[in-house]
Amino acid sequence: MKPALLFLVLPLALVSFGFSTTAPQQAPPAHVWRQSIKTDAARGTAYDQYTLTGKFLKAPQRGDFSNRPALVVDCNPPKESRNGKGKFEGMSLLVGTSVKIHYVEPEEIHGTSYYPKVFVQYRRNDGKDEKEQWAPGSDKTSISIPKDALKKFLRAQTIDITVIDESGSPIVMKFDMADPTLVEQGCNVDE
């Protein structure tokens with residue numbers, strides 16, 4: 001073979017061998033808890049935040065649905081707590097539109113105040129529906145989730161959550177739950 005022809009064919013052969021031997025790039029898993037460090041300017045402290053995004057199965061016409069719904073867990077990092085372990089601070093469901101708030105009469109009446117609550121229905125692993133009342137967030141587009149619900153959620157594979165928006169339309173969200181280890185260790189959930 002002539003040397004000039006060899007110089008033309010050799011680069012083509014190397015390129016074709018290079019493409020055939022490289023492994024395809026794998027996309028990162030879609031359902032993972034994403035950890036970030038946030039700062040509370042009012043207190044001058046930093047905290048860990050874990051976020052898991054879901055999807056809307058049924059969303060009303062109004063509201064900002066450009067973002068996906070999200071479960072957000074806030075925790076004090078281990079170095080900030082007394083026992084050297086992370087500490088659960090709170091959990092929220094970010095919906096993206098104003099939710100219907102009901103004013104519920106307290107069990108024991110002290111004056112004329114009523115508690116604002118959001119009626120929530122959720123189902124774990126396509127099981128039986130559970131109905132609870134959770135506190136709305138200050139912006140009324142998020143809902144505070146109690147710690148006992150977080151414990152249930154972390155043990156599930158899927159969670160379907162239904163709430164009602166301010167116009168009375170149902171909003172249905174689905175979360176494929178990720179490996180809970182990061183949140184359990186970072187927030188010391190079992191205590």
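Shown here for Pro116 and Pro136, the closest heavy-atom pair between the two residues is O-CD, 3.3 Å. Contact record, Thr158 with Asp126: OG1-N, 4.1 Å, taken as the closest heavy-atom pair. Ala46 approaches Pro77 most closely through the heavy-atom pair O-CD, 3.7 Å. The two atoms that bring Val189 and Lys147 nearest to each other are O-CE, 3.0 Å, heavy atoms only. Considering every non-hydrogen atom in both Ile164 and Pro170, the closest pair reads CD1-CA, 3.8 Å. For the residue pair Pro69 and Phe56, the shortest heavy atom distance occurs at CD-CE1, 3.4 Å.
Around the NZ atom of Lys117, the shell of radius 6.0 Å holds more than 12 heavy atoms that belong to other residues, nucleotides or ligands. In Lys100, the NZ atom is not crowded: 12 or fewer heavy atoms of neighbouring residues, nucleotides or ligands sit closer than 6.0 Å. Atom CD of Gln133 has more than 12 neighbouring heavy atoms from other residues, nucleotides or ligands inside a 6.0 Å radius. Heavy atoms of other residues, nucleotides or ligands lying less than 6.0 angstrom from NZ of Lys152 number more than 12.
For Tyr115, there are no ring-ring contact (aromatic ring centres under 6.0 Å, His included) partners two or more places apart in sequence or in a different chain. For Tyr122, the ring-ring contact (aromatic ring centres under 6.0 Å, His included) test picks out Trp134, Phe153, with sequence neighbours left out. Residues forming a ring-ring contact (aromatic ring centres under 6.0 Å, His included) with Trp33 (at least two apart in sequence, or on another chain): none.
With a 4.5 Å cut-off on side-chain heavy atoms, Met91 and Val72 do not count as touching. With contacts defined as side-chain heavy-atom distances shorter than 4.5 Å, the pair Asp160/Met173 does not qualify.
Cluster annotation: Ile161 is connected to Leu154 through the hydrophobic network of ILVMFWY side chains, with a link wherever side-chain heavy atoms come within less than 4.5 Å. Ile101 and Tyr114 fall within a single hydrophobic cluster, where Ile, Leu, Val, Met, Phe, Trp and Tyr side chains are chained together by heavy-atom contacts under 4.5 Å.
Here OG1 of Thr51 is found 9.0 Å from CG of Leu71. Values are rounded to the nearest 0.5 Å. How far OG1 of Thr45 is from NZ of Lys38: 14.0 Å, rounded to the nearest 0.5 Å. For the atom pair CG of Asn125 and CZ of Arg155, the computed distance is 12.5 Å after rounding to the nearest 0.5 Å. To the nearest 0.5 Å, atoms CG (Leu94) and CD1 (Ile143) are separated by 9.5 Å. Rounding to the nearest 0.5 Å places CG of Asn188 at 10.5 Å from NZ of Lys87. We find the OG-CD1 distance between Ser92 and Ile145 to be 7.0 Å, quoted to the nearest 0.5 Å.
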Exercise. Passes side-chain contact (heavy atoms from CB on, under 4.5 Å), Val73 versus Phe88? Steps please.
Worked result: CA-CA 8 Å; Val73 182; Phe88 173 80; 4.0 Å; yes
Exercise. Does the pair Tyr50 and Cys75 meet the rule for a side-chain contact (heavy atoms from CB on, under 4.5 Å), with working shown?
Worked result: CA-CA 8 Å; Tyr50 302 91; Cys75 305; 4.1 Å; yes
Problem set entry | side-chain contact (heavy atoms from CB on, under 4.5 Å) evaluation trace for Met177 with Ile159 | CA-CA 7 Å; Met177 299 305 290; Ile159 303 288; 3.7 Å; yes
For this session: Show the numbers, then the answer: is there a side-chain contact (heavy atoms from CB on, under 4.5 Å) between Thr97 and Ile171?
Result: CA-CA 9 Å; Thr97 190; Ile171 302 170; 3.4 Å; yes
Problem set entry | salt bridge (Lys or Arg N to Asp or Glu O under 4.0 Å) evaluation trace for Lys140 with Glu166 | CA-CA 10 Å; Lys140 298 183 175 109; Glu166 63 185 357; over 6 Å; no
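Looking at Arg68, its side chain never comes within 3.5 Å of a backbone N or O of Lys55 through a donor-acceptor pair.
Asn76 and Glu89 share a donor-acceptor pair across their side chains, judged by distance under 3.5 Å alone.
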